[in-house]
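Order of the sequence lines sets the chain letters (A, B, ...), proteins ahead of strands, with each chain counted from 1.
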There are 2 protein chains.
Amino acid sequence: MAIRDTMELLSGKWKIQIIGALMQKGTLRFMDLLREVDGIAAKMLSKELQELEINELVRRTVCNTKPITVEYEITTYGKTLEKVIGEIAQWGDEHRKRLFRKAK
Amino acid sequence: MAIRDTMELLSGKWKIQIIGALMQKGTLRFMDLLREVDGIAAKMLSKELQELEINELVRRTVCNTKPITVEYEITTYGKTLEKVIGEIAQWGDEHRKRLFRKAK
DNA sequence: CTGGATCCGGCAGGATACTG
DNA sequence: CAGTATCCTGCCGGATCCAG
């Protein structure tokens, strides 16, 4: 089933959020992502980024600055996920509004 | 972040697939879902369905037949997820095609 | 700064058996 | 048929320390 394929690529607690951050902000360094994706640990960020890179959703570029910095950005292929993630974000947004309405 | 809200509701290995099945087929009984959602165990199906019911994405109806049967269906609120899940399924579909193209 | 190595606890989730 | 109870396991992911 197609849904399984998608969810497998996006498995893990953080991948969608990472992609979401990169989609919003464009190119980001490791440190930026660490700040942007709230609550993630360096090890997890590293691991999730590797998996995203393997699946060609994210491109990793090492800059020979001193000290080394690394930039991450969405690939053109990764950008095909934009619609999906956009929908997810939007739905969550309206879901929140709904909860707020019910609260009072 | 909105994405977190969405993914929390849809957390677990099976929820999206369950919703997907219900979206396609309409109302389904427990047994039907067990067959429809390939690979899921009864315990998991039961648990995920409960969580979906709590979040008002799915409605549970007990029919007093003999023996008892229970029907599940997407709520109108759950149907607002249609676009999201549709996008996921479609993307997975094209992702598969892409993999196939690269394979040869 | 960017990560790899290690250690570790919790819990998601599978198998099986049982109940109303 | 529609679950619940129980047990067991892997591995996800957090904390911490180390290295280039």
**OP:** Determine: side-chain N/O of B/S46 to OP1/OP2 of D/dA2, distance under 4.0 Å, yes or no.
**Re:** no

Subject >> Pairwise P distance for D/dG14 and C/dG13, with rounding to whole Å >> reply: 16 Å

Original post:
Hey, which of B/L9, B/L10, B/I74 is the one that makes side-chain contact (heavy atoms from CB on, under 4.5 Å) with B/L81?
Top reply: B/L10

**OP:** For A/I68 and for A/G39, find the nucleotide of DNA chain D with the closest heavy atom, then tell me which residue's nucleotide is more 5'.
**Re:** A/G39

Original post:
CZ of A/R35 versus C1' of C/dC1: gap in Å, rounded?
Top reply: 11 Å

Original post:
To the nearest Å, how far apart are A/L45 CG and D/dG14 C1'?
Top reply: 14 Å

Subject >> Rounded distance in Å - CD (B/E51) to P (C/dC11) >> reply: 14 Å

**OP:** Give the intermediate values and the outcome of salt bridge (Lys or Arg N to Asp or Glu O under 4.0 Å) for residues A/E53 and A/R59.
**Re:** CA-CA 6 Å; A/E53 196 192 352; A/R59 171 167 34 255; over 6 Å; no

**OP:** Residues of residues 3-22 of chain A with any non-hydrogen atom less than 4.0 angstrom from an atom of DNA chain D: list those, numerically ordered, please.
**Re:** A/G12, A/K13, A/W14

**OP:** Go through DNA chain C and write down every stem, that is, every run of at least three consecutive Watson-Crick or G-U wobble pairs with distances under 3.5 Å, as range with range.
**Re:** C:1-8 with D:13-20, C:10-20 with D:1-11

Original post:
For the pair made of CD in B/E48 and P in C/dG14, what is the distance, rounded to whole Å?
Top reply: 9 Å

Original post:
Quick one: is B/Y72 getting a side-chain N or O under 4.0 Å of the D/dC1 phosphate, OP1 or OP2?
Top reply: no

**OP:** Looking only at side-chain atoms of B/K43, point me to the closest of D/dG3, D/dC7, C/dT2.
**Re:** D/dC7

Original post:
Checking A/R98 against B/Y77: charged group under 6.0 Å from the ring centre and within 45 degrees of the axis?
Top reply: yes

Original post:
How long is the gap from CD on B/E87 to CD1 on B/I85, to the nearest 0.5 Å?
Top reply: 11.5 Å

Original post:
Rounded to whole angstrom units, what separation is found between the CG atom of A/L34 and the P atom of C/dC1?
Top reply: 10 Å

Original post:
How many Å lie between CE on B/M44 and P on D/dC8, as a whole number?
Top reply: 17 Å

Subject >> Intermediate values then yes/no, salt bridge (Lys or Arg N to Asp or Glu O under 4.0 Å), A/R96 and A/D93 >> reply: CA-CA 5 Å; A/R96 212 175 244 192; A/D93 220 46; 5.7 Å; no

Subject >> Whole-Å distance separating the NZ atom of A/K47 from the C1' atom of D/dG13 >> reply: 7 Å

**OP:** Assign each of A/Q50 and A/P67 to its nearest nucleotide of DNA chain C by heavy atoms, then name whichever residue's nucleotide is nearer the 5' end.
**Re:** A/P67

**OP:** To the nearest 0.5 Å, tell me how far A/M7 CE sits from B/I16 CD1.
**Re:** 3.5 Å

**OP:** Round to the nearest Å and state the distance from B/N64 atom CG to D/dC1 atom P.
**Re:** 18 Å

Original post:
In terms of heavy-atom contacts, does CD of B/E8 have more than 12 from other residues, nucleotides or ligands at under 6.0 Å?
Top reply: no

